[in-house]
Amino acid sequence: MKIKFKILTIMMAIVLILASCGSNNGGESPTPTEPQSTGNNTNSPVTTEEKSKYFFEHNGISIYMNDKAEPVLDALGEPMHYFESPSCAFQGIDRVYTYSGFELYTYTDGDDDTEYIFSVVFMNDGVETREGITLSNKLNDIISKYGNDYDQKNDKYTYTDANTTLAFVIKDEEVVDVSYNLIVN
Amino acid sequence: MKNKKIISILIIFLIIAGLYVLLQSLLMPKYMTKIVEGALISEYYHEKNKDHDVIFIGDCEVYENFSPITLWEEYGITSYIRGSAQQLIWHSYYLLEDTLKYEKPDVVVFSVLSMMYDEPQNEAYNRMSIDGMPLSLTKLRSAKAAMMPEEDLITYVFPLLRYHSRWNELSEEDFKYWFKKDQIAHNGYLMRVDAKPVDTFPKPRALADYKFGDICYEYLDKMTQLCKDNDIELVLLKAPSLYPHWYDEWDEQMVDYAAKNDLLYINLLDYLDEMGLDFNTDTYDAGLHLNLAGAEKTSVFFGKYLKDNFNLIDKRNDPELKALWDDKSAYYYNMEQEQYQELEEYGYLLKFNLKRTEEK
């Protein structure tokens with residue numbers, strides 16, 4: 001009887017060891033509860049408290065990436081358009097608020113309804129970066145304001161600081177896309 | 001005496017293996033509510049008759065937008081959708097390779113939206129596309145191709161090594177579906193009858209580079225070759241989802257690829273009027289995915305396209321198949337009725353909104 005009990009205990013121990021010695025990847029199970037867009041943002045945001053020197057300013061409102069969206073949205077007022085993009089499988093929702101000249105993208109994390117800012121995209125030259133760059137500027141204008149410390153991938157020039165990238169896409173020598181983006185994994 | 005010892009060791013080994021399997025099946029996500037998409041891949045392997053004319057491969061643009069029941073009822077085409085959420089092209093390739101171990105369809109339809117992703121995106125999506133496959137070299141190759149840097153291949157062989165930390169997240173669902181799961185799809189089609197009309201979309205962004213990644217073309221080449229080797233017609237498909245934006249530059253690349261490889265490519269966004277899609281009533285999430293009404297319209301159109309281009313025999317007179325598909329249809333219409341009842345009673349679908357269900 002004692003032997004049988006010993007064997008059973010050993011077996012249970014082996015099973016538990018097998019179960020617990022495996023890779024943990026940070027202790028979070030991969031059950032999908034995080035936001036995943038079917039649109040352009042495709043990775044999980046990294047949360048960091050450090051403020052970036054790259055942030056968008058509109059009518060005196062400072063818009064930092066990964067800040068809570070609610071106070072910013074309240075200050076900006078009623079958007080011209082609103083769009084939400086639920087993901088294929090997750091419960092998080094990406095929302096896009098369209099204001100005059102730019103779009104503000106937010107995300108929610110899993111079942112938490114709190115929205116955070118993950119991108120600002122220029123729609124026309126009615127808005128500009130705090131350093132004065134807007135659509136239809138030239139690469140030289142960008143370099144004169146931000147310097148040469150950029151990463152270039154094809155036609156995209158990206159400046160990075162803390163949790164934010166400021167990216168410019170250039171076609172036919174003109175800026176056609178300006179965006180502030182939360183850095184993702 | 002020696003034999004007795006060997007038998008004892010064998011019994012101990014079997015008991016350990018049994019306990020391991022039990023524990024693993026308890027701790028793995030069941031995907032029976034809220035994130036039901038995670039159950040799609042494994043459902044195929046429980047299918048009694050794995051002999052289909054058409055296999056769809058791809059992401060939500062296939063499993064939400066096409067109804068195999070409609071293809072059967074309208075044209076006598078047997079089909080199955082091997083779809084999963086955010087299925088990337090390497091997932092698709094290996095799922096196709098795995099499917100061909102069980103059957104040789106006449107036509108494979110591949111959803112090309114995933115060409116826009118040229119690198120792994122997220123472990124949770126990998127899990128939903130890979131965990132449901134039976135253990136095989138194909139599964140391991142798929143995992144190897146899809147893994148994020150922080151993932152370990154061994155966890156796809158022994159998922160318990162990854163899911164053991166779920167012990168404190170276990171819910172009623174985990175125990176309820178420990179040994180047997182519900183069927184959530186209809187030959188891979190995930191039904192939703194609710195409607196949310198299209199309003200507006202964000203402006204399509206200018207991209208730095210419109211060319212699909214080399215790795216995507218590499219897998220598309222492999223898929224093309226796999227189909228050719230098995231005498232299967234490959235069709236490249238862009239489903240009629242309005243968002244994410246499908247750029248003209250992407251469309252041109254698919255047109256060119258199809259022409260060079262003697263394949264058919266159809267962009268259903270070019271046939272919205274012919275299909276009779278009304279994005280006020282035929283989508284459940286404002287244009288990203290179609291609801292049941294939309295999926296049925298799309299399937300009527302696409303079924304004719306398949307009939308016109310390939311020699312697919314109408315099998316509705318086959319008594320065995322008829323009986324099989326009659327059962328499938330009954331389940332389909334029953335679920336449709338249940339969903340309409342839920343909509344009437346709660347204003348939303350319970351299965352797809354656990355949070356609301358919990359609040360209720």
Side-chain angles (χ1 to χ4, degrees), chain A residues 7-8 10-12 14-16 18-34 36-40 42-44 80-91 96 98 103 105 111 113 121 123 135 152-158 167 169-171 175-177 179 185, chain B residues 8 12 15-16 19-20 23-24 27 29 31 34-38 59-60 64 84-86 113 117 121-128 148 150-152 154-155 158 160-167 169 199-203 205-209 211 241 243-245 285-286 288-289 353-355:
Chain A
I7 289 170
L8 205 66
I10 289 166
M11 286 190 311
M12 287 303 294
I14 290 170
V15 170
L16 288 172
L18 273 175
S20 60
C21 71
S23 98
N24 201 352
N25 293 0
E28 288 177 10
S29 74
T31 312
T33 54
E34 54 202 279
Q36 184 74 23
S37 168
T38 50
N40 291 328
T42 54
N43 290 301
S44 306
M80 292 158 57
H81 297 292
Y82 166 74
F83 172 76
E84 63 180 32
S85 163
S87 67
C88 287
F90 295 101
Q91 296 301 297
V96 186
T98 305
E103 289 174 335
Y105 288 66
D111 286 340
D113 289 333
V121 180
M123 294 176 67
L135 301 180
Q152 185 188 353
K153 192 178 176 191
N154 298 310
D155 295 327
K156 190 173 188 178
Y157 297 78
T158 303
V169 176
I170 295 182
K171 292 274 183 212
V175 175
V176 294
D177 191 82
S179 62
N185 288 329
Chain B
S8 299
I12 291 169
I15 292 173
I16 291 173
L19 286 172
Y20 180 89
L23 203 56
Q24 180 166 283
L27 289 167
Y31 303 115
K34 194 164 74 168
I35 309 165
V36 294
E37 292 87 342
D59 53 16
C60 52
E64 300 274 18
S84 53
Q86 187 94 21
L113 179 69
Y117 298 103
Q121 301 289 316
N122 182 296
E123 184 193 4
Y125 282 119
N126 284 340
R127 290 287 168 184
M128 287 197 283
M148 302 291 288
E150 66 272 18
E151 292 187 73
D152 291 325
I154 190 73
T155 63
F158 302 109
L160 181 59
L161 300 180
R162 184 66 185 98
Y163 288 109
H164 63 86
S165 58
R166 280 195 77 239
W167 67 270
E169 300 168 18
D199 183 11
T200 180
F201 292 108
K203 178 186 143 199
R205 303 276 303 275
L207 303 184
D209 186 7
K211 190 177 176 299
S241 290
Y243 184 88
H245 183 72
D285 54 4
L288 279 73
H289 306 102
N353 203 326
L354 187 63
K355 201 173 174 189

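In what follows, chains carry the letters A, B, and so on, assigned in the order in which the sequence lines appear, proteins first and then strands, with residues in each chain numbered from 1.
Heavy-atom distances place the backbone of A/Y82, and not its side chain, under 4.5 Å from chain B. Of the two parts of A/V176, the backbone and the side chain both hold a non-hydrogen atom closer than 4.5 Å to a non-hydrogen atom of chain B.
For the atom pair CZ (B/R205) and CD (A/E103), the distance works out to 8.5 Å, reported to the nearest 0.5 Å. From A/M80, atom CE reaches atom OG1 of B/T200 across 9.0 Å, with rounding to the nearest 0.5 Å.
Counting all heavy atoms, side chain and backbone alike, B/A206 lies closest to A/V169 at O-CG2, 4.0 Å. Counting all heavy atoms, side chain and backbone alike, B/A208 lies closest to A/K153 at CB-O, 3.9 Å.
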